[in-house]
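Notes follow the structure.
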2 protein chains.
Amino acid sequence: MEAVPRKTTIREVAQAASVGIGTISRVLNSSSQVSRETRARVLEAIRRLGFRPNAQARRILKRRTEMVCFLLSNRDFLHPFHARILQGVESYATSLKQHVLFAALHYSPRTPPDRIDLPPVLQEHGLIDGLILAGTIYPNLLRRIESIRMPFVAFSNNVVGMGEEQQYDQVGFDDFNGTLQATRHLIGKGHRQIVFAGDISYPWLHHRFEGYRQGMREHKLKPALILARNAQSFVDFGQKSAGRILSRRPRPTAVVAGNDEIAYGLWRSLRQQAIKVPDDISVVGFDDREEALLMDPQLSTVRVHKEEIGETCMKMLLERLHHPHMAFSQRILPTEFVIRGTVCHL
Amino acid sequence: MEAVPRKTTIREVAQAASVGIGTISRVLNSSSQVSRETRARVLEAIRRLGFRPNAQARRILKRRTEMVCFLLSNRDFLHPFHARILQGVESYATSLKQHVLFAALHYSPRTPPDRIDLPPVLQEHGLIDGLILAGTIYPNLLRRIESIRMPFVAFSNNVVGMGEEQQYDQVGFDDFNGTLQATRHLIGKGHRQIVFAGDISYPWLHHRFEGYRQGMREHKLKPALILARNAQSFVDFGQKSAGRILSRRPRPTAVVAGNDEIAYGLWRSLRQQAIKVPDDISVVGFDDREEALLMDPQLSTVRVHKEEIGETCMKMLLERLHHPHMAFSQRILPTEFVIRGTVCHL
DNA sequence: ATAGGGTGTGGAACCAGTTCCAAGGGTTAT
DNA sequence: ATAACCCTTGGAACTGGTTCCACACCCTAT
């Protein structure tokens, strides 16, 4: 590997501006103890020499890298949902001159914590200050991160199997109230036979199911859960659940889908059977993903503010870095029901 | 901000193992000049003290950060297409113990190069070794990056207005041959009245149009370009182009859409008018995005290997870093026509 | 005239690694 | 016995910033 040409250093700048190296440092860090004329002379020298300070050297002393890692776990690819969380992290981070490293990790929930093979960023120290965990998070990963004492914030909706003890910082959105609102909306439109379609072995779908149950209970309606066997994907789940929904008696007039992909699959399958949405049956989704707008009519669904989740994660991580001994906190961001075209008035 | 606890240093390890600091460094870098017993004693001390070397300190001397930046320009959000390129970059980078920083940038093509406000990563030096440019790339951005002498590789399909001089490294995929293959496929299935739908003011759509033209020319068929006015998005463009396609005489039997979103909009609009795809009219797309699989029947389209683009960008950037004076290179990755359900045999 | 205070500045020491040279010790060749 | 050589090893010097202490200088108060 060829040598990288040496760059200008503060010593050279100091010489060029006829000042000491300390003064250069003071100008760079805009600590005010520099006279106007000296500052001007230094800035001129910096400009003339094209000097850009070396970030590495500063960090040794500061013991801060101003860099955080966005770690995406167990996702085959960077779904739009997580991509937008990442963008939220990035834009907020950039506004505070923090940098965001992107890394992916694949691990099994059954691997013992100390045998999880972390990405290289987490193996050295002094590379990042903290971590934002996204993707599916199992307890063994949390244990592992704790063992290397890396401060972190978890996107909590995809945390699996952690019980109720919350010994870490987390940011999530409100699954429960999302479907609760959606269910209330359907009831308000006169629907009574409302079913929920989704695989509630996923904790987040379970929370959504609970919101739906609560909505039904409020009006003394009987909740019903529709499952599909051997679904290959959420879209497939939606398609496969169509038959089960249509064969129920009395026939449901509305479906609360566990997410937009299920709603999409359901919609497609209904359309093939010449059942009209919303005239014959109403459908609502959850997440407000791209699919919601691609449907025809567009899907009424629960909006999740993905960028805001990212921003909040970053904000909370920075607080943690500034106050390592602060109590752990948990933030649940509100969700919002978006009325589009897939719900009819009975 | 509270102080970060001091970590173990090589000097402490050296003391614990009763050797000199040089020896610790030699063990860490597995340069062979260390006797077996000494190495064992050092490794034992490292383990006992839980020593992890500080990445920052090493980098000052090595003048390499083993970090690259993926810079996404002028995108409102991280589309699945670019998200997958990023994943390709990340997975290849990780396998070589390189790190990937994610940053976004919004700029106008009319801003003078020296007034483009680069993200913080590019303002300091010693933070990253090189850059991968994705998103829409205008000449002023390229000039700006060149001016700070940061080695870079550009994802070339979205480069706008650069003429033919290629004074930088680039990786792209083959727009021209993609539609050429798609067009040949349609002709092979007996289609003769084939139109192209897309806004060719985008350079990449123009290249696709040229591929279509070439395919038509090979069989002495007359090409036709369908445009739509005031389209809000590609999907909208597809929807609006449906009317213009159907009103042509003789009526086209097949449409080459500039991308999958246009194909999706077109499909949706045709369906609303009870025109069947592919029975009444065949449609092919380009990109093989998620939408292609959400259509019914699934869209025949041109597949682009997005992860491979990312991997190739990373590979090329590393070559550039190892050989700064190497001639610039340009790689065009092949595309591949995927047969699904939207083309019928005439 | 002298003491006291604040401001501005220079530069040694420092951070946590790497590099390189000198030197110790053992082995083999003359 | 001496020279020549190789293998290990220690540690000073170095990288490029930040920090902090000492000190010069000016202004005001006694």
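Comparing Arg41(A) and Arg11(A), the nucleotide of DNA chain C nearest to each residue sits closer to the 5' end for Arg41(A).
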Carefully, step by step, assess Ser91(A) and Gln87(A) under the rule side chain to side chain donor-acceptor pair (under 3.5 Å). CA-CA 6 Å; Ser91(A) 74; Gln87(A) 283 228 306; over 6 Å; no
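The distance between atom CZ of Arg63(A) and atom C1' of dG17(D), rounded to the nearest whole Å, is 14 Å. Counting to the nearest Å, the C1' atom of dT15(D) and the CD atom of Glu12(A) are 13 Å from each other. Rounded to a whole Å, the CD1 atom of Ile10(A) is 14 Å from the C1' atom of dC15(C). Atom-to-atom, CZ of Arg59(A) to C1' of dG17(D) comes out at 12 Å; the value is rounded to the nearest Å. What separates CD1 of Ile60(B) from C1' of dC14(D) is a distance of 10 Å, to the nearest Å. What separates CG of Leu28(A) from P of dG16(D) is a distance of 15 Å, to the nearest Å.
If you check dT9(C), dG17(C), dT19(C) against the side chain of Lys62(B), the one that comes closest is dT19(C). Closest to the Arg26(B) side chain, of the nucleotides dT18(C), dC20(C), dG11(C), is dC20(C). Looking at the side chain of Thr38(B), the nearest of the listed nucleotides dT8(D), dA12(C), dT9(C) is dT8(D). Closest to the side chain of Asn54(A), out of dG10(D), dT19(D), dG16(D), is dG16(D). Here the nucleotide nearest the side chain of Ser25(B), chosen from dG16(D), dT18(C), dT8(D), is dT18(C). Looking at the side chain of Leu61(B), the nearest of the listed nucleotides dT18(D), dT9(C), dT15(D) is dT15(D).
Ion pair Arg41(A)/Glu44(A) not flagged as a salt bridge, since none of the NZ, NE, NH1 or NH2 atoms sits closer than 4.0 Å to an Asp/Glu carboxylate oxygen.
Taking five base pairs at each end of the helix from dA1(C)-dT30(D) to dT30(C)-dA1(D) and finding the rotation axis that steps the C1' atoms of four pairs onto the next four gives two axes whose angle is 60°, to the nearest 10°.
Counted by atom type alone, Asn158(A) and Thr136(A) present zero donor-acceptor pairs between their side chains at under 3.5 Å.
A distance of 11.5 Å separates CG in Leu141(B) from OG in Ser108(B), rounded to the nearest 0.5 Å.
Ser95(A) contributes a side-chain N or O that, together with a main-chain N or O of Tyr92(A), makes up a donor-acceptor pair within less than 3.5 Å.
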